[in-house]
Amino acid sequence: MCARKAEGPSSDEPLEELPEDVEAFIDHFLGTMCDPSRRQILALLAAPAVEHERPVEMRSGEIARALGLAHATVSGHLRQLARTGLLGSRRSGNEVYYSVRNHLLVRAFHDLVEALYKEHQERFKGKQESPESDRSA
């Protein structure tokens with residue numbers, strides 16, 4: 001279960017439990033984001049839209065081609081991302097266009113990934129030696 005800190009200045013204060021429905025939402029969101037393909041789709045759609053500052057919109061086939069994934073695979077991932085509330089879609093004739101729906105959550109997730117990357121770099125900096133150097137010891 002996730003917990004959050006109670007309000008206050010000290011980091012030694014006890015953690016406060018979150019309501020069950022919030023816990024379930026957090027677990028579903030993080031579970032959805034565990035898949036590298038879904039993270040790639042989100043990164044592709046969250047890229048800044050240079051032209052006319054419009055949100056990036058893409059069809060599932062375009063996303064599949066851009067990432068080198070099967071169309072059926074991408075369709076399944078898009079459904080999961082939409083259920084989490086990260087993506088929205090709009091229909092234009094027979095075409096369905098997908099775009100980021102919740103930029104706040106996307107930014108927060110991007111910040112989390114960036115923090116995890118930095119933590120990984122700090123923890124494992126210098127510890128990654130080549131297998132040959134291990135053999136000579």
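Start at 1 with the first residue, then count along the sequence.
With E122 contributing its side chain and E119 its backbone, the two residues share no donor-acceptor pair below 3.5 Å. Although no hydrogens or angles enter the test, the distance criterion places a donor-acceptor pair under 3.5 Å between the side chain of S75 and the main chain of H71. The backbone N or O of T32 sits less than 3.5 Å from a side-chain atom of R38, completing a donor-acceptor pair.
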Check the pair E57, Y98 against side chain to side chain contact (heavy atoms under 4.5 Å, CB included), reporting the backbone distance first and the verdict last. CA-CA 5 Å; E57 287 187 321; Y98 294 90; over 6 Å; no

Do R59 and V96 pass the side chain to side chain contact (heavy atoms under 4.5 Å, CB included) test, and can you show the C-alpha distance, the side-chain angles, and the key distance before you say yes or no? CA-CA 6 Å; R59 296 173 302 194; V96 178; over 6 Å; no

Worked verdict on L42 versus H110 for side chain to side chain contact (heavy atoms under 4.5 Å, CB included): CA-CA 10 Å; L42 199 57; H110 174 79; over 6 Å; no

Working note: L67 + S37, criterion side chain to side chain contact (heavy atoms under 4.5 Å, CB included); need CA distance, chi angles, decisive distance, verdict. CA-CA 8 Å; L67 299 177; S37 295; over 6 Å; no

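Nearest heavy-atom pair, G88 versus R101, reported as atom, atom and distance to 0.1 Å: N-CB, 3.6 Å. Pairing each heavy atom of N102 with each of L105, the nearest pair is OD1-N, 2.9 Å. L78 approaches S60 most closely through the heavy-atom pair CD1-CB, 3.5 Å. Considering all non-hydrogen atoms of both residues, L45 and V56 come closest at O-CB, 3.5 Å. Here the shortest heavy-atom pairing between R39 and C34 reads NH1-O, 3.0 Å.
Distance check: T73 OG1 to I63 CD1 gives 13.0 Å after rounding to the nearest 0.5 Å. The line from CD of Q40 to NE2 of H77 is 9.0 Å long, rounded to the nearest 0.5 Å. With values rounded to the nearest 0.5 angstrom, M58 atom CE is found 8.0 Å from R65 atom CZ.
Neither L30 nor L104 shares a network with the other; the hydrophobic side chains, linked directly or stepwise wherever heavy atoms of I, L, V, M, F, W or Y lie under 4.5 Å apart, form separate groups for each. Follow the hydrophobic side-chain contacts under 4.5 Å out from V106 and you never reach Y97; the two are in separate clusters. Hydrophobic clustering (side-chain heavy atoms under 4.5 Å, transitive across Ile, Leu, Val, Met, Phe, Trp, Tyr) groups F29 together with V100.
In this structure, the side chains of M33 and F109 come closer than 4.5 Å at one or more pairs of heavy atoms.
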